[in-house]
Structures are given as structure tokens and as C-alpha cells.
Participant: 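Input: one structure, supplied below.
By convention in this document, chain letters (A, B, ...) are assigned in the order of the sequence lines, proteins followed by strands, and residues within each chain are numbered from 1.
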Amino acid sequence: MLDIRLIRENPDVVRQGLEKRQADAEVVDSVIALDERRREILGEVEKLKAERNTVSKEIGRMKNAESRQEKINEMRAVGDQIKDLDDDLRGVDAELTSIMATLPNIPSDATPYGVDESENVVLKTVGEIPQFDFDPQPHWDMGPALGIIDFERGVKITGSRFYVLSGAGARLQRALIAFMLDLHIKQGYTEKYTPFMVKTATVYGAGQLPKFVGNLYKDHEEDLYLVPTAEVPLTGYHMDEIFEEGDLPKYYTAYTPCFRREKMSAGRDVRGIKRGHQFDKVEMYMYVKPEESDAAFEKMMADAEEVVAMLGLPYRILQLCTGDLGFGATITYDIEVWSAGCNEWLEVSSVSNVTDFQARRANIRYRPEDSKKNRFLHTLNGSGTALPRIMIAIMENYQQEDGSIIIPEVLRPWMGGIEVIAAE
RNA sequence: GGAGGGAUGGCCGAGUGGACGAAGGCGCCUGUCUUGAAAACAGGUAAGGGUGUCCCCCUUCGAGGGUUCGAAUCCCUCUCCCUCCGCCA
């Protein structure tokens, strides 16, 4: 959610921000009109309420029955007016917030302008793209051949875009999760195990609603959503709370499965495990003071980078342009790893500074030491990292001619010492 | 799933139609006293909003509706928590 004051006082900043994102900037005008109307009604209704409050107190003290009744009648009329105005106000308010809820965050000045993902900027590329003296296979061939990914069983028990990991494949994923969580703990994050189902207010607070209803799974009977990312419960974790300044920053990491309907990507990436309706992810999340969020962003980025670096995967870092930024983000870096079999860069992490956008929606503030006024804090989120795609990169980049896979050294402690995954 | 009880400020806890944004206590802050601290005493101590800026107004006593001139207090709906029974990993 944007600050209504920003829109009121600097509408051009907001318009330009929306335009940079290739979003419709005209809504700003309706927001301003509604805001004006709202404050107009508010002024009127508050004046009437003030009158009613003072007169009602007088009535309580009045002895003379006649003049007392007269005042009561007067106030009854005032009460009717208040009721009408309150109804108007409710209507205007609802309309205003429903529009506000659909406005994305304003891009940071540090985010380069661009129309769409084709204009994202490669900041750096690290590691050598592996060369093979044989034809490297894609994971969707390797997985079934090694008996570690079972696509047919996944489809049988659930449907398309579901798969079963088996034996060393399942264990590899579990090793990666443990490796990442342990690394993030060392980097200063506190591990959280959160609910995988959340209520509407929680999804709204993280900014996934109302805009992304179509991508969420929902239990309509209980009115609960399956989390599309750990970012959602980690935002909700401190919803409606006020921190003391000294309690910040808070760094959290959490493993969760993520559930996404992928309605927008129907027919895309249907092969392999690149885009499933259910995938696992380890997430990093930060609550920080506004003046610290730029530095926090750099830290989180470095922390995510360490994951892929330690795994020895060739990767590159992309800075998203304004046209490709996520809904709540002001600035985002993506990490992509190379996959030798699919022959493409795979996005495994996305680190964003959301500034006060989620904090405002979820009502998360802190009390500055030198001020009475509570302020919204800043939140950041980043994957550290998404499991299936990391699995793809490991399988494809560490493959050998006989179809076996070498396990990266750093994972072996969690693999029971297994060094190679080979066909039985 | 069945039966009952509850939700008030940072915490405990009073309050069943008017002087209650809310007694009292704890905690915290400031001042007096003190070389300093403690104690004692005095004062202060919620959030949000407003074409208000040290003065005021509005809203908020789990949430949302309603009754009333006036609601923490009465009515309705919902949520959450606790106790007992049943079921269960």
C-alpha cells in the first residue's frame, strides 16, 4: 500500500512511478478525488459527532424535562444525519482502499527503466559454464533414468505439473534444505517454521491479495489460503505489532512448500520440475528501520549469492528493470543459475526491498527512540533459494557421461556421505 | 463434535446506560530530595485519524452490525482463548 499522503502531496511522483512500471497512471486522479471527498465528509461528520457528544453529556445533567426532551429531539435529528454521512463515508472509504490496494509500489531510483524483462540488466556473471565432451542431458531425462524423479506417478496421484522425488532425489532436496537453513542461520537469520495455510488478512498484508487471487489455492470451506511463498506468513508474523527501535532489525529464514496455480503460465515450462504447482523454497525475510533497508538489501543479496557460490554453480545476477518489478518491490535482483541440459538460465532467487509497502498493509511499525510518532518499518524478502531449480542445476551441471551425478561437496554431510548418484 | 466460561491500556485488574479513554495496582518516564543510587513524595505514561499544531475535535474497551439523545456496559452475528467430555497423529 502506498502512503495516501504521498499521492495527495506528490501525485506526479506516483504517476511517474506507475508509468515506469508500464501501469495505468490515471487511477491517481480517482484516488485524489476520492481522498478529497473522504476528508470532506469526515470533517462534516466529525463536527456533528462533536456536537452530539457535548449535547448528550448536557442531557445527562439536565433536570428540566421539557428542555431535556427538546434537546433529545434535536440530537435525534443530528444522529440521523450522522448515520447518512457515515454510510457515505463507508462507501467512499471502501472504494478508495480497494483502488489503493491495487496500486504497486514506486520503483527505486536505483532501478533502471525498462519496458519488460528483456531490458533487465546483467550485473555480473560468475563461474564457468561447464563444457562436456558428450551431449549433456536435461533433468527430465536424467531423473527417470536414475530413478530419482517420477513424473508419471505424480501425474497419476495428483495431475499435471506434479512429480514424485524418489530415493537419492528426495534426499538431495532434503540435504539442500538443511544446507540452506544452516547457512542462513550462520548468516544471522532466525529459523521459523510457519503455518502453510494462512487467512485472508495475512495474504493481503503481504500484497498477494487482491491482485493475485488467481494464482492462489484456497480452502473455501475454512477460508484459508495455501502459502505461495514463505514471504506471506513471515510478513504476517509481526502483523499489527509495534517494535521498539532497539528490537530491530529482525532477520528470519523459513523453509516452506509453495503452492501456485500458475494460471498465468498455462502451457509454459510444462516439462520437468522447473514450474510445478507445489515446490519447496527456503526464504529470507527482514524487518528493518527505513534508513537501514538499502544496506539490508545488499546483505540479503550477498547471503543468497553465497548459496549458489557454495554449491559451485555458474550463476549470474540480474537487476530487474522497472517494467519487470514485482508488485511490492522497489528494487529487485534475481539470481539465475545455468542449467547445462536445458541450456538456459534458471531463476532461483529474487531479492527485493519492499520498503514500507507491506508494513503499511500489514500495519507493522516501530517506535523511534527520539520521536513519539510510530513509523512503518521496511521489509525485505529473498529466496535462498528455490529447490527444484537448484536441483535441476545440480543434476545437469554435475552430470557425467554415464548419466550419474556428482554431489557437491558441501551437501555430502547431509547425504550420508554419498558422493555420486548413479543408476542402480 | 457436545457442554460451559472468558476477551478492558505495556501487564494485572475494576467497571451492567451519562461526570468512563476508562478506578486501583505493577511496570516505565520526569521532577523534588540525595555526592550518586534506592526509598519517599509529586506529576506523567495507548493507538489511529482530522485543511488542529503544543490548544482542540473524531474514532477505538476482541471484530462487525444494531438499540439509544448518549454504549466498555443492552441486543444480534462472527473470531479467538480457557475448562470438561468425545475423537485423534
Participant: Name the residue from R161(A), K274(A), R389(A) that meets the salt bridge (charged side-chain N to carboxylate O under 4.0 Å, His left out) definition with D269(A).
Facilitator: K274(A)
Participant: We want to know whether K281(A) and T256(A) form a side-chain donor-acceptor pair, criterion being a heavy-atom distance below 3.5 angstrom.
Facilitator: no
Participant: Which nucleotide in the list rG65(B), rC69(B), rG49(B) gets nearest to the side chain of E46(A)?
Facilitator: rG49(B)
Participant: So what's rU35(B) paired with, Watson-Crick or G-U wobble, going by both distances under 3.5 Å?
Facilitator: none
Participant: Can you identify which nucleotide, out of rC69(B), rA19(B), rG49(B), has its nearest atom closest to the R38(A) side chain?
Facilitator: rG49(B)
Participant: Under a 3.5 Å cut-off for both contacts, is rG43(B) paired Watson-Crick or G-U wobble with anything, and if yes, with which nucleotide?
Facilitator: rC29(B)
Participant: How would you label the contact of R68(A) with the nucleic acid (heavy atoms, under 4.0 Å): base, sugar-phosphate, or nothing?
Facilitator: base
Participant: Return yes when atom CD of E409(A) has more than 12 non-hydrogen atoms of other residues, nucleotides or ligands closer than 6.0 Å, and no otherwise.
Facilitator: no
Participant: For RNA chain B, whose closest nucleotide is more 5', that of F376(A) or that of S56(A)?
Facilitator: S56(A)
Participant: Does R39(A) make a side-chain N or O approach to OP1 or OP2 of rG49(B) shorter than 4.0 Å?
Facilitator: no
Participant: Are Y251(A) and Y285(A) close enough that their ring centres sit under 6.0 Å apart?
Facilitator: no
Participant: Under a 3.5 Å cut-off for both distances, is rA7(B) Watson-Crick or wobble paired, and to whom?
Facilitator: rU79(B)
Participant: If I take atom CD in residue E36(A) and atom C1' in nucleotide rU51(B), what distance separates them, rounded to the nearest angstrom?
Facilitator: 11 Å
Participant: Using only side-chain N and O atoms of R76(A), determine if any of them is under 4.0 Å from OP1 or OP2 of rU68(B).
Facilitator: no
Participant: Output yes when at least one side-chain N/O atom of R367(A) is less than 4.0 Å from OP1 or OP2 of rA47(B), else no.
Facilitator: yes
Participant: For K49(A), report the nucleic acid contact type (base, sugar-phosphate, nothing); a contact means any heavy atom under 4.0 Å.
Facilitator: sugar-phosphate
Participant: Phosphate oxygens OP1/OP2 of rA46(B): is one of them under 4.0 Å from a side-chain N or O of R365(A)?
Facilitator: no
Participant: Using a cut-off of 4.0 Å on non-hydrogen atoms, how would the nucleic acid contact of K199(A) be classed: base, sugar-phosphate, or nothing?
Facilitator: nothing
Participant: Strictly by Watson-Crick or wobble contacts shorter than 3.5 Å, is anything paired with rC84(B), and which nucleotide is it?
Facilitator: rG2(B)
Participant: Identify whether any heavy atom of L42(A) sits under 4.0 Å from a base atom; if not, whether one sits that close to sugar-phosphate; answer base, sugar-phosphate or nothing.
Facilitator: sugar-phosphate
Participant: Should N53(A) be listed as having a side-chain N or O under 4.0 Å from OP1 or OP2 of rU59(B)?
Facilitator: yes
Participant: Is the shortest side-chain N to carboxylate O distance from K83(A) to D80(A) below 4.0 Å?
Facilitator: no
Participant: For N73(A) and A50(A), find the nucleotide of RNA chain B closest to each by heavy atoms; which residue's nucleotide sits nearer the 5' end?
Facilitator: A50(A)
